[in-house]
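See structure below.
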Amino acid sequence: MSLDTLIVIDGNSLIHRAFHAIPLLSNSQGVITNAVYGFTNMILKVLKEQDPGLVAVAFDKGKVTFRHQDFADYKGTRKATPDELRPQFILAKEILKAMRIPYFELEGYEADDLIGTIVNQAEASGLNILILTGDRDALQLVSPKTRVMLTRKGITEIELFDEGKVWDRFGVTPGQIVDLKGLQGDPSDNIPGVPGIGEKTAVALLKDYGSVEGIIEKIEHLPPRFQKLLRGKEDQAILSKKLATIIRDVPMELDLSQCSWRGPDHQRLLEIFKELEFKSLIKQLTSEQGTAKSSREGKKKFESDLPPLETYQAGYQTVTSQEDFDEVLVQASHAGRAAVFLDGVRGKGIRAVYLAVPGQDVYLLTVKPGDDSSHGSLSALKALCENEAIKKYFHDAKDAIWLLHHHGIKLQGLAFDTMVAAYLLNPAASHYDLTDIALEHLGIVLPPEGETAMAARAEAILRLTEELFKKLVQREEDRLFIEVELPLVAVLAEMEMAGVAVDKQELKEISAELHHSTEALAAKIHELAGENFNINSPKQLGQILFDKLKLPVYKKTRTGYSTDAEVLEKLAEEHEIVDLLLQYRQMAKLKSTYADGLAALVDPQTGCLHSTFHQTVTATGRLSSAEPNLQNIPIRLASGRRIRKVFIPRQKGNLILTADYSQIELRILAHMSQDKSFLDAFRQGQDIHTRTASEVFGVPLDQVTPEMRNRAKAVNFGIVYGISDFGLARDLKVSRQEAKSYIENFFARCPGVRHYIDRVIREARERGYVTTLLNRRRYLPELFSKNFNIRNFGERAAMNTPIQGSAADIIKLAMVKISKELKERDFATQMVLQVHDELIFDAPEAEIEPLIVLVRDCMQNALTLDVPLVVDIKLGPNWYETKPI
DNA sequence: CTGCTCACG
DNA sequence: ACGTACGTGAGCAGC
């Protein structure tokens, strides 16, 4: 038994291998089991032989929503994964669960990349790693600590590769495997390589020059025939290498402790084996029971079997007397800074305070029931937090501000937020738990519970502050952090706490009206259908429309018929029920999500909605809003727009003022692309959609029809999103040819935009990331995927993110400025909402005039671009009735 | 808990 | 030949 060995398994590779190596077996029920049988067999064999301390499996995960969304017409033309194989993946995962082996998958990544990431972390923890796969690409991961078990022809034969073996077999080091592929290419993965260069040439060149880059650099020194092959193919070679390179820093939260191998859940595994009729495996399992790992298993907690990873502990002193509180404050004052970990729950208050002061032990200040900020530990906390001279570091400072607010404490001197900093370093991660970022950036494991664990968190915040700031400086994101994101934390906290006032009466009336309309529509729909069914169930609705009423099927989803609005609109002519369904859907959405959904979240104390603005959610830098989401309140259709009537000022004499950036994304595109036509249009104050229409349709500005403008508007949007003729055609309901000609015309008339797009994608490929105007960074590992779709997605994200993200930069900057001005000038106005390119204020009538000047100035001058930023301001008694001033 | 659908910029 | 526009959050149904 080797406790320090981790086995990582490429699930996709093994299952595919097994599927092709073993004839189509099935159980008596007809369930095909060949691949899952081979897979299970192989894993059991390796586990038995190696008896590792840890084990994990990785799977590919593509863009399932797109991949499976076939048009009915095309059904059956193409099968990526054979029907006999697809369900076996599910079975394999069931078996893994029963074996208590964790498996990892992440949207947009291949198993390879997850393995690379796991290996990286495991190596850092000092583990020995064995990779089990049928994919030779994995050989690039071989190192002194990592070896690869490669399946041969069949599946039971395994060949073990260490560094020496790779050298013997391929004549290159493991690290050069990717260079080999860059030159040689790989038809199976659609990697071009350099035509004319095969294995021999590639190896010989690499022996002399080390890498693809090395060869290109010394291209002059190469024999003429090689020069000839390589010239003009440099980029292709570099790209090929990148495509073959396994990503090792996939943004995933990996807890190696979850991977400790504890033996299977015998009972469950046996059940599955019986169902699948794996007789030999059943025999194997039952004969082994009671031996080895199975016997020492109880119902222990997961953490009980921790692998040999160092768990981080911090010493701490409990502080209880007033004298000691004073001493802590002296220490913190002296140091000038402290990391604060508040143990508490929003709305309930703080239970304990852990302070990490540089050079001192962590201090624990416990809060006794009934304590308040006038005496005891909370008064010490108040003194600390309200002293601006002492810099405070938090993880999730906005949450801390809420907790402090509960005790009447106002935070001054916020100097770092490790959650927000970790987000800037990798905005694509799914979450930023302190535990995860401490592991990622400090390599330490935080214990889950207890006072030492909490003390360790305070200490970790202190250390992370240093580490993350260093990284921000390295990436030149420190200004973005200090000047925008960090001050924004407090601005958002204030917006959340203020909330936006709601007219509950109006909300009730809307709900009642919607109740009547949905009921009436449902009755008619049921009558036309000839039976009662749940209209909200896409499954039942599909059966009615397509099985019973025999309407034509235009689109399917992974699980059945699609019944979305796009499909229903196509069916409108076919049956009168369809229009009623569209109306019903609309009304039902308004009622459940908005009328009733919002009403349920109104705070009875304040009469306001207190949304949470998340600062660390989007990959582009935008904010998101939740519980409730106030960034998607209806506006496009009159029926939904009414919902905006319920958003009102908090008191009599106040008004709602909205300020939105006009065409900010296209202005940013003009600035970044320097396209003449776009720059000119914005500088002249022209309507951009009219201008694009004039370019695309080749008519003078004054002859652009509304229809032309509409189409041009869709083209402009398409450009920002990464256009395709298909997407544009669908959006505009024109033919694909027509859409294509719009796009071609557009690029012919706006070559600057074309060049900009090409440049951004090229730079993204070179650097692996894209940036915004304020240097916000987004990594795009998708660009290097071997999967065509994922790669294309990466390219669209590469062009969209600088635009969307820069718009986010600008409005965030404006929010910080506005908030500061409002404070300094003692305005009673409250900023209440942000909707990506729009800010909403609740303002006393007397302040409106100066407010308009202030807001417009801060927003339009947040950043100076090569085109003007224009802000439209509206005013009204509620969010619905705001009118241009 | 996942998939579908739909609301917004 | 691939499959089809970027970024979100929420409610509901059904496994």
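All values derive from a computational prediction rather than experimental measurement. So that the names make sense, note that chain A is the first sequence line, chain B the second, and so on, each numbered from 1.
The separation between A/I535 atom CD1 and C/dG11 atom C1' is 16 Å, rounded to whole Å. One interatomic measurement links the two molecules: CG of A/L541 to P of C/dC12, which rounds to 16 Å at whole-angstrom precision. A straight line from CH2 of A/W879 to P of B/dC8 spans 11 Å, rounded to a whole angstrom. Atom CZ in A/R791 sits roughly 16 Å away from atom P in C/dT4 (whole-Å rounding). Rounded to an integer number of Å, the gap from CD1 of A/I790 to P of C/dT4 is 13 Å. In this structure, CD of A/E665 is placed 8 Å from C1' of C/dC6, rounded to the nearest angstrom. Taking atom NZ on A/K589 and atom P on C/dG11, their separation rounds to 9 Å, with Å as the unit. The distance between atom CG of A/N632 and atom C1' of B/dC8, rounded to the nearest whole Å, is 5 Å.
Taking only distance into account, the side chain of A/Q804 meets the base of C/dC6 through a donor-acceptor pair shorter than 3.5 Å. If you check distances only, the side chain of A/R636 does reach the base of B/dG9 with a donor-acceptor pair under 3.5 Å. With hydrogens and angles ignored, a donor-acceptor pair under 3.5 angstrom links the side chain of A/S724 to the base of C/dT4. The base of C/dA5 sits within donor-acceptor range of the side chain of A/D731, with an N or O pair under 3.5 Å. With hydrogens and angles ignored, no donor-acceptor pair under 3.5 angstrom links the side chain of A/R796 to the base of C/dT4.
Residue A/T557 places at least one side-chain N or O under 4.0 Å from the OP1 or OP2 atom of B/dC4. The side chain of A/R585 contributes an N or O atom lying less than 4.0 Å from OP1 or OP2 of B/dC6. An OP1 or OP2 oxygen of C/dG7 is reached within less than 4.0 angstrom by no side-chain nitrogen or oxygen of A/T620. The phosphate of C/dT4 (OP1 or OP2) has no side-chain N or O of A/N792 nearer than 4.0 angstrom. Applying the 4.0 Å criterion to OP1 and OP2 of C/dG11, one finds that A/K591 has every side-chain N and O outside that range.
For A/R736, taking side-chain heavy atoms from C-beta onward, the closest of the listed nucleotides C/dG3, C/dA5, B/dA7 is C/dG3. Checked against C/dA10, B/dG9, B/dT5, the side chain of A/N629 finds its nearest nucleotide in C/dA10. Set against C/dA5, C/dC12, B/dT5, the side chain of A/N536 has C/dC12 as its closest nucleotide. When each of C/dA13, B/dC4, C/dC6 is scored by its nearest atom to the side-chain atoms of A/T559, the top-ranked nucleotide is B/dC4. Looking at the side chain of A/S592, the nearest of the listed nucleotides B/dT5, C/dC12, B/dA7 is C/dC12. In the set B/dG9, B/dC4, C/dT8, the nucleotide with an atom closest to the side chain of A/R622 is B/dG9. Closest to the side chain of A/S537, out of C/dC12, C/dG14, C/dC6, is C/dG14. Distances were taken from every side-chain heavy atom of A/A626 (C-beta onward) to each of C/dC6, C/dA10, C/dG11; the shortest belongs to C/dA10. In this structure, the nucleotide among B/dT5, C/dA13, C/dC2 sitting nearest to the side chain of A/T563 is B/dT5.
The backbone N or O of A/E838 sits nowhere less than 3.5 Å from a side-chain atom of A/D660 that would complete a donor-acceptor pair. With hydrogens and angles disregarded, a donor-acceptor distance shorter than 3.5 Å links the side chain of A/S625 to the backbone of A/L630. Between the side chain of A/K242 and the backbone N or O of A/R765, at least one donor-acceptor pair lies under 3.5 Å.
Of the N and O atoms on the side chains of A/E496 and A/T612, not one donor lies less than 3.5 Å from an acceptor on the other residue.
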Q: Apply side chain to side chain contact (heavy atoms under 4.5 Å, CB included) to A/L623 and A/Q631, showing your working.
A: CA-CA 9 Å; A/L623 299 176; A/Q631 291 181 322; 4.2 Å; yes
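At the heavy-atom level, A/A808 lies nowhere under 4.0 Å from the strands shown. Within the nucleic acid shown, A/A807 has no heavy atom closer than 4.0 Å to any nucleic acid atom. Nucleic acid contact class of A/A739 (heavy atoms, under 4.0 Å, all strands): none. Among the atoms of the strands shown, none is found under 4.0 Å from any heavy atom of A/V720. A/E627 comes within 4.0 angstrom of the backbone, heavy atoms only, and of no base. A/R641 comes within contact range of no nucleotide atom at all, as no heavy-atom separation falls under 4.0 Å. Among the heavy atoms of the strands lying under 4.0 Å from A/Q540 are primed sugar atoms or P, OP1, OP2 only; no base atom is included. Nucleic acid contact class of A/L728 (heavy atoms, under 4.0 Å, all strands): base.
C/dG3 and B/dC6 are spaced 23 Å apart, taking the C1' atom of each and rounding to whole Å. Taking atom C1' on both nucleotides, B/dA7 is separated from C/dC2 by 31 Å, rounded to a whole Å.
Between A/R776 and A/E485 there is a salt bridge, since at least one side-chain N of the basic residue sits less than 4.0 Å from a carboxylate O of the acidic one. Classification of A/R622 and A/E665 as a salt-bridged pair holds, one side-chain N sitting under 4.0 Å from a carboxylate O.
Contact annotation: the side chain of A/V770 never approaches that of A/E763 to less than 4.5 Å [non-hydrogen atoms, C-beta and beyond].
Both geometric conditions, a ring-centre gap below 5.5 Å and a plane tilt below 30°, are fulfilled for A/F726 over the base of C/dT4.
In this structure, B/dC6 and C/dG9 make a Watson-Crick or G-U wobble pair, each of the two defining distances being under 3.5 angstrom.
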